[in-house]
Amino acid sequence: MRFGVLVSGRGSNLSALLDARAQGRLPEAVFRLVLSNVPGVRALEIAAAHGVATTPLDHRGFPGGRRAHDAAVRDALLAAGCEALVLAGYMRVIGPALLEAFPGRIVNIHPSLLPAFPGLEAPRQALEAGVRVSGCTVHFVDAGVDSGPIIVQRAVPVLDEDTPESLAARILEQEHAALVEAVDLLSRGRLVLEGRRVRRLESVRTG
Ligand code: GRF
């Protein structure tokens with residue numbers, strides 16, 4: 001399956017995907033394009049270092065506004081031959097142009113156990129709510145914010161001494177593993193959507 005990855009910044013989740021691919025842990029996933037809505041970010045350098053094509057497409061001041069930018073992102077992904085998308089720290093809400101071009105084939109990584117704490121600063125939200133367990137979620141993207149069917153979750157304990165930064169850092173380690181797992185399952189055709197639930201088709205083992 002040919003993937004595009006949308007990013008906005010640091011790129012550690014992108015790095016986890018590209019490293020997994022290089023190490024043979026994503027045998028059916030190929031990364032064709034990394035597109036950032038913020039020029040000059042580290043994620044673009046990481047992509048280039050792995051030999052993946054990059055496109056900076058700044059949303060600020062884009063002629064035609066949000067809809068036109070979304071359409072331009074879609075066109076760049078389709079021109080690169082992408083069939084599926086990973087939102088890896090893409091700090092924009094996806095519009096109908098992208099949702100319609102990649103139906104059921106867009107995944108996002110979010111630093112909380114959804115449906116708790118969607119939106120910005122999820123680790124801070126978790127601390128302020130006083131939960132003892134948080135974590136991360138990889139989910140299919142729908143028209144809402146962090147609201148689509150859940151593919152993989154990993155739990156992370158909240159410690160008494162945690163700050164938003166320390167909790168986010170421990171969650172991030174789990175994000176990397178969860179995202180690789182979800183992309184592997186999607187790329188191998190092992191995910192079936194049944195309403196809100198995502199069922200995994202596991203290989204039948206014999207002997
Ligand atoms: C991650 O915490 C991800 O869950 C959130 O944005 C952050 C991106 O980090 N959506 P990175 O750019 O992958 O390092």
Side-chain angles (χ1 to χ4, degrees), residues 3-22 25-26 29 31 33-50 52 54-59 73 84-95 98-99 102 106-129 131 133-158 162-184 186:
F3 283 86
V5 185
L6 302 188
V7 296
S8 300
R10 179 178 56 184
S12 73
N13 279 288
L14 169 70
S15 190
L17 290 173
L18 297 179
D19 287 346
R21 169 71 192 170
R25 292 186 283 120
L26 286 174
F31 298 97
L33 182 68
V34 172
L35 189 150
S36 174
N37 67 307
V38 184
V41 291
R42 174 94 183 107
L44 292 172
E45 293 171 20
I46 292 168
H50 281 263
V52 178
T54 59
T55 300
L57 206 55
D58 199 338
H59 67 281
V73 170
L85 285 189
V86 181
L87 311 187
Y90 188 58
M91 303 305 284
R92 309 249 318 150
V93 175
I94 291 292
L98 280 165
L99 286 169
F102 302 96
I106 308 179
V107 302
N108 180 48
I109 175 79
H110 181 76
S112 75
L113 293 177
L114 292 170
F117 316 130
L120 295 175
E121 299 198 66
R124 180 183 299 279
Q125 292 185 55
L127 281 182
E128 287 174 357
V131 297
V133 178
S134 191
C136 62
T137 303
V138 185
H139 63 93
F140 283 116
V141 173
D142 63 13
V145 175
D146 301 323
S147 60
I150 290 167
I151 304 169
V152 176
Q153 293 189 302
R154 287 185 168 230
V156 173
V158 177
D162 262 331
T163 61
E165 294 71 29
S166 67
L167 179 58
R170 287 204 318 290
I171 291 173
L172 191 64
E173 291 174 22
Q174 299 305 317
E175 289 183 34
H176 298 160
L179 187 58
V180 170
E181 182 183 348
V183 168
D184 181 48
L186 177 63

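Numbering of ligands and ligand atoms starts at 1, following listing order.
Checked against ring pair (Phe, Tyr, Trp, His ring centres under 6.0 Å), Tyr90 has no partners two or more places apart in sequence or in another chain. Here Val145 pairs with Val93 under the side-chain contact (heavy atoms from CB on, under 4.5 Å) rule; sequence neighbours left out. Applying the side-chain contact (heavy atoms from CB on, under 4.5 Å) criterion to Arg124, with sequence neighbours excluded, gives Glu121, Glu128, Pro164, Glu165.
Closest approach of Ser134 to Ala126, counting heavy atoms only: OG-CB, 3.9 Å. A pairwise comparison of heavy atoms in Leu44 and Val34 identifies CD2-O, 3.9 Å as the closest pair.
With a 4.5 Å cut-off on side-chain heavy atoms, Leu186 and Ile151 do not count as touching.
Within 4.0 Å of ligand 1, protein heavy atoms come from Arg10, Gly11, Ser12, Asn13, Gly89, Ile109, His110, Pro111, Glu175.
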